[in-house]
Structures are given as structure tokens and as C-alpha cells.
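Notes follow once the structure below has been shown.
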Amino acid sequence: MKLKNILFSLFSLQILLTLIMKYFSYQGDLSPELHERILKYFTQEDINSGIDYERRGFFVSIIGSLLDFALAGAFVFTPISVKLEEYFRRKTGDRFYLTVFLFFVSFYLLEFIISLPFSYYFGYVIEHEFQFSNMTLGDWILFKVKSFGLGFVFGSLVVLVVAFVFKNLPRAWKYILPLLSLGFGLLMSVLYPIIITPIFYDYGPIQEGSLKTKILTLSQKANIQVENIYVINESKYSGHTNAYFTGWGESKKIFLYDTLIKNHTEEEVVSVLGHEIGHWVHNHQMIEIALSTLETFLLCFLLGYIFQKVKEEGLIPLKEFYSPSTLPFLFLILSLVGTILGPFSATLSRVLETQADREALVLTNDKKSFISTEIKLAKDNKARLNPHKLEVIFEHSHPTTLERIEFAEGWK
């Protein structure tokens, strides 16, 4: 069987799987036994609220996904990519890096234009409908402009660096790209709160008081050295809640959404941070970085092998490996691999999240606050309380709300 047919078949199966997952997401788990377990902690109104939020825009999301697949298929399985590269080569006088840049710009703009109405519908209309968003239309536009600009800058730099490595290091690129990816990830984990966060959010140090004292006490109990604790003004934009750690060594920082502080007791905030500390205690970030680096290393060899075989076959229009027109083909392979590995990645993530939950319970010794936090978070975010089992297996990075509550109930 020809490689083109295999890839096209996998691509078609990926589309079908996406549609099936959307159906399962819409349907949920309707078993009476699960329903009764949920009603121990939530009302029927809570259940219906999560279902309504999950289902809103169902057909619009299908259209958006199909358009994305159509764009990817057109750039890979037709001569569009090659013709676009040849056009830019003529216009630039065959200047390679300028051609790469213009190719990326055209693809990035096309994807942005196609996704913009869907982003507006899901990120603005629905968020206002369910009273999550506090943004004016002007706020939303400014937010999108900033996101577009950052994506453009970082995307351009990454594509140009990758093109340079592909072109100038044809034998060593398989070893160099994983190292570059590792370095970039580590750098961004440090720079994100310094450079990226201030572009979108106002934030400042947490006020002196009992909450700060409790957070620092918890961190010290876990032998985590915290440099600063900051509060992000999320309420300006939405009612969603979050908290996270960032940094390395002794420069770790804690970021809390002000919505988390406003909507939860101090004990519940501490419980949330106990979970985040659990990730650090068990070195989850290092585990994920190591696995990601190994995955990138293996993917580089896989990409090189598949490209060479497909090019020899001659049924998919491809130029050189470093050609900008090859990028959509490489992205397609990465997407297919991501779909295949998705259930394994999601399962590993849920295991790590459960381990972090256990650490939160150990550190705080307060399962009552842990459970009340999960209930509030689910209600505040209109979480789907009865997701379909297959959706959880394939796509959920966290255990379900009910699983986390029942885990805490059984903890001693």
C-alpha cells in the first residue's frame, strides 16, 4: 500500500475520531448509577448547567474543526504549498529565509482569519452568555491583537530557526532540535511571568495577612522555597479561577487569580496550592520535560524517515526537507502522532494529577476543604460533571470532578 494512501487514511480516521469525540462530549455519560453519585455533592441544576455550557456551540465547533482539517489537507495533499513557495521565491529573488518568513506569514494569517469568527463566538459570545466574561468588545479585540502579535513573533522566530537548522545541518538536526526545544521550554518557564503575563494582565504582590502566612507555611512544610506570591487581576476579564507555580531553584513564584481568592476560603486556596506544590514535590515538571525531550528526539527520526519515503514515492508534492512548503506536511505527521499518543499522554497526566491531589491532602490534612474546593470550582466553571468515559480516556488531562472528590473521601 502506498504511503500516501496510508497517510490519507490516517488523516481521514483522525477527522472521524475528532467527530466521534465531539459526539461523546455532547452526549456525556447518562448512566443512572453515575447520576446518583453526582447528586451526593451537586444539584440537578449544577449538572444541567455543565451540560448546557459543554453543548453550546456544538455544530459551530464541528464546522470549525472541519475547516481546520480542510486547510491542512489542502496544503499537504495538493500542490498549493509548493506553488505558494515558488511564488514567494520569485517575488524575493530566491532569498531563502525571506521566502520562509513570507510562507509562514501567509499560512499564519490564513489560519487566523479562518479561526477568528469561531474564536469570537466561543471566546466572547458564549463566555458572556454564561456570565464568565467581563470583557468589553474592545477588551476582547485588544486581547486577540496581543495574542496574534505574540504568536506571530514567536512563530516566526521558531520557523526561521528550524529552517536554518534543517538547511545547514542536514545530518545533525535530529539531535539539535530536541536540545533546542528543551532549552526553549526551560527559558519560557522562567520568562513567561516576566514577559508574557504582564502583556495581558495586571498583577502585584499579595497583601500581607493570614493567607500569605498560610501559603508560606505550606511551602516551607513541603521544603519549597518561594521567592514571591502574586495576585493576577483576572476578574477584569473573566470569572474563571486558577493558580500556578513558575520558576526554578530558589526563584519559584506563585501566581493566584484574584477570582480564586474572592470565591474561596483561605483554607480552600491553600488546598489548591497544595495540589500545585504536589507537582513540584514529585518533580512532575522534570518528568514531563524529560518525556517531551525524548518524544521530540524520536519524532525527529520518524519525520526524517517518513519524509524520505514519501518523497521517493513521489505521490505527495514535496520539495526539500528544509523547504517552507514541507512544513504543513511535517505538521500533519506531528498531528497524527499526537492523536495516536493522545490517550497515553492523557492517562499519564491523570496519574500525575492524582499524585498531586494526594500530596495536597497530605500537606494540608484537610480533605473537607479539598472537597469543598472541587465542588466550588466545578460550579463556578460550569464543569461537565458526567463526561463520557471514552472522552475522559482520550482527552482529559485531569480526573473528573467526581473522581477527585471520591478520591479525597477515601483518603485517610
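These numbers come from the heavy atoms of this one structure, side chains and all, not from hydrogens, waters or symmetry mates.
In this structure, a donor-acceptor pair under 3.5 Å is absent between the side chains of H279 and Q355. Looking only at atom types and distance, the side chain of N228 has a donor-acceptor partner in the side chain of Y230 under 3.5 Å away. Checked by atom type, the side-chain pair N233/S235 shows a donor-acceptor distance below 3.5 Å. With hydrogens and angles left out, the side-chain atoms of T99 and T92 include a donor and acceptor closer than 3.5 Å. Side-chain atoms of T136 and D139 include a donor-acceptor pair closer than 3.5 Å.
Relative ring orientation between H284 and H282 is described as parallel, the plane-to-plane angle staying below 30° on a 0-90° scale split at 30° and 60°. Ring orientation note: the planes of F143 and Y237 are nearly perpendicular, at an angle over 60° on the 30°/60° scale.
For residues 367-406, the ring pair (Phe, Tyr, Trp, His ring centres under 6.0 Å) pairs, not counting sequence neighbours, are F24-H388. Applying the side-chain hydrogen bond (donor to acceptor under 3.5 Å, both in side chains) test to pairs two or more places apart or on separate chains, those with a residue in residues 196-208 are Y201-E234, E208-K212. Note on residues 381-408: pairs passing salt bridge (Lys or Arg N to Asp or Glu O under 4.0 Å), not counting sequence neighbours, are R37-E406, D357-R404, E374-R404. The salt bridge (Lys or Arg N to Asp or Glu O under 4.0 Å) analysis of residues 262-283, with sequence neighbours excluded, yields the pairs K214-E266, K214-E267, D258-K262, E268-K376.
Scanning both residues, G274 and A360, for their nearest heavy atoms gives C-CB, 3.5 Å. Heavy-atom minimum distance, V231 versus Y257: CG1-C, 4.5 Å. Summarising the geometry of L260 relative to A243, their closest heavy-atom pair is CD2-CB, 3.8 Å, with the distance given to 0.1 Å. Closest approach of Y121 and G57 over heavy atoms only: CE2-CA, 3.7 Å.
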Donor-acceptor pairs under 3.5 Å, side chain of residues 293-305 to any protein atom, not counting sequence neighbours: which ones?
| from | atom 1 | to | atom 2 | distance (Å) |
| --- | --- | --- | --- | --- |
| T293 | OG1 | I289 | O | 2.8 |
| T296 | OG1 | S292 | O | 2.8 |

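Rounding to the nearest 0.5 Å places CD1 of I333 at 11.0 Å from CZ of F11. Here H264 contributes atom NE2 and S372 contributes atom OG; the two are 8.5 Å apart, rounded to the nearest 0.5 Å. To the nearest 0.5 angstrom, S325 atom OG is 12.0 Å from F88 atom CZ.
Summarising the local packing, NZ of K319 is surrounded by more than 12 heavy atoms from other residues, nucleotides or ligands at distances under 6.0 Å.
Listed by chain and number, the residues in a side-chain hydrogen bond (donor to acceptor under 3.5 Å, both in side chains) with N168 are Y97 (sequence neighbours excluded).
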